[in-house]
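What follows is one structure encoded as structure tokens, with my remarks underneath.
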Protein chains: 2
Amino acid sequence: MSARREAVRQALSGYSGFRSAQDLYTDLRAEGSKIGLTTVYRALQALSDSGEVDVLRTDDGEAVYRACDTESHHHHIVCRVCATAVEIEGPTVEKWAAEMGAKHGFSGVTHTVEVFGTCADCS
Amino acid sequence: MSARREAVRQALSGYSGFRSAQDLYTDLRAEGSKIGLTTVYRALQALSDSGEVDVLRTDDGEAVYRACDTESHHHHIVCRVCATAVEIEGPTVEKWAAEMGAKHGFSGVTHTVEVFGTCADCS
DNA sequence: TCATATTTTGACAACCGTTTTCGTTTTCGT
DNA sequence: ACGAAAACGAAAACGGTTGTCAAAATATGA
């Protein structure tokens with residue numbers, strides 16, 4: 001694990017939600033790092049391959065990443081217009097995901113859930 | 001509904017699964033249509049807006065479409081090792097997401113759910 | 001240590017699916 | 001049939017991602 005790769009991992013674990021490669025790149029540069037965008041992508045790919053981060057695609061095709069060892073587990077409902085996020089709890093979903101995993105013979109089951117909508121102020 | 005748009009809809013309903021815009025374009029050209037790729041995209045966008053087709057993103061960011069008549073919205077449980085995906089149904093989650101949206105004053109609520117784990121073969 | 005092999009890095013270009021642009025063609029109402 | 005509005009297609013633009021390649025960092029070993 002090189003220093004740069006570790007920096008990306010650190011940057012990602014600083015956030016509880018999902019973060020795009022470009023976001024992470026901006027974060028790192030803002031902190032003074034001289035890392036390149038290419039390296040951020042490579043680091044994320046490596047971390048993804050080794051199962052240390054989860055990847056998913058947003059509706060507009062952008063890849064977003066999350067450190068998948070987060071214990072403080074919660075979800076968000078995000079406004080499409082103003083991007084405000086409200087934390088929501090979901091024992092229902094947690095249970096459902098675990099059940100689905102068991103049902104299909106999967107172990108070490110984790111899940112990602114994001115809810116989108118238009119908030120009261122913006123609609 | 002223009003003739004071209006109707007042709008795209010027809011082409012899509014000819015398949016039971018998901019089909020990309022470019023696939024549909026190739027199909028239509030093969031049938032002798034002189035439709036342009038741009039129009040295929042526009043037709044799919046219109047059909048998607050009006051709720052006549054479902055859209056989702058493949059892991060490599062490509063948008064795929066499906067005529068949504070009988071089939072319903074579903075999710076996947078993906079193996080971390082071999083990337084096999086199993087379709088799972090989640091009335092539980094659908095309901096939960098809708099409830100959460102209503103509870104916090106959000107309208108037009110959608111959600112993304114991905115479940116990860118290690119499948120029986122890979123563990 | 002020093003020299004050499006290997007890996008990692010980052011600027012930049014290439015890639016590819018998608019969207020925008022813009023001039024032309026078709027459709028639709030009157 | 002006429003004019004306005006919508007739809008069309010070719011090509012260019014766009015944006016996120018991946019490939020290229022030479023330089024820099026790191027590991028290896030004599």
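Reminder, nothing fancy here: chain letters follow the sequence lines and each chain counts from 1. A quick note: this is a predicted structure, and the numbers were derived from the prediction, not measured.
- Separating the CG atom of B:L44 from the C1' atom of D:dA7 is a distance of 15 Å, rounded to the nearest angstrom.
- C:dC28: Watson-Crick or G-U partner is D:dG3, with both key distances under 3.5 Å.
- Protein atom OH of A:Y41 is 13 Å distant from nucleotide atom P of D:dG19, rounded to whole Å.
- For A:R5, a side-chain nitrogen or oxygen approaches OP1 or OP2 of C:dT9 to under 4.0 Å.
- Taking the charged nitrogens against the carboxylate oxygens, B:R9 and B:E52 do have a contact shorter than 4.0 Å, which makes a salt bridge.
- Within the 4.5 Å cutoff, no side-chain heavy atoms of A:L47 are placed close to those of A:L12.
- There is a side-chain donor-acceptor pair under 3.5 Å between B:H75 and B:H111.
- Going from atom CD of A:E62 over to atom P of D:dT17 covers 5 Å, rounded to whole Å.
- Look at CG on A:L37: it is 18 Å from P on C:dC15, rounded to the nearest Å.
- In this structure, B:D60 places its CG atom 17 Å from P of C:dC15, rounding to the nearest Å.
- The interatomic distance linking B:R29 (CZ) with D:dC8 (P) rounds to 14 Å, in whole Å.
- Atom CZ in B:R4 sits roughly 7 Å away from atom P in D:dC8 (whole-Å rounding).
- The base of D:dG9 sits with one of its N or O atoms less than 3.5 Å from a complementary donor or acceptor on the side chain of B:R42.
- Nearest to the side-chain atoms of A:R57 among the listed nucleotides D:dA7, D:dG9, D:dT17 stands D:dT17.
- A distance-only check finds a donor-acceptor pair linking the side chain of A:T26 to the backbone of A:Q22 [under 3.5 Å].
- The pair A:D60-B:R57 fails the salt-bridge criterion, with no side-chain N (NZ, NE, NH1 or NH2) lying under 4.0 Å from an Asp/Glu carboxylate O.
- Among the protein residues, A:S2 comes within range of the sugar-phosphate backbone only, with heavy atoms under 4.0 Å from sugar or phosphate atoms but none that close to a base.
- With rounding to whole Å, B:Y25 atom OH is found 13 Å from C:dG17 atom P.
- The partner of C:dA11 is D:dT20, judged by Watson-Crick or G-U wobble contacts that both fall below 3.5 Å.
- In this structure, A:Y65 and B:T38 both approach DNA chain D, and ranking their closest nucleotides by distance from the 5' end singles out B:T38.
- A:A63 comes within 4.0 angstrom of the backbone, heavy atoms only, and of no base.
- Map B:G61 and A:I35 each onto its nearest nucleotide of DNA chain C; the residue landing nearer the 5' end is A:I35.
- When heavy atoms are screened at a 4.0 angstrom cut-off, A:Q45 is found touching the sugar-phosphate backbone but no base atom.
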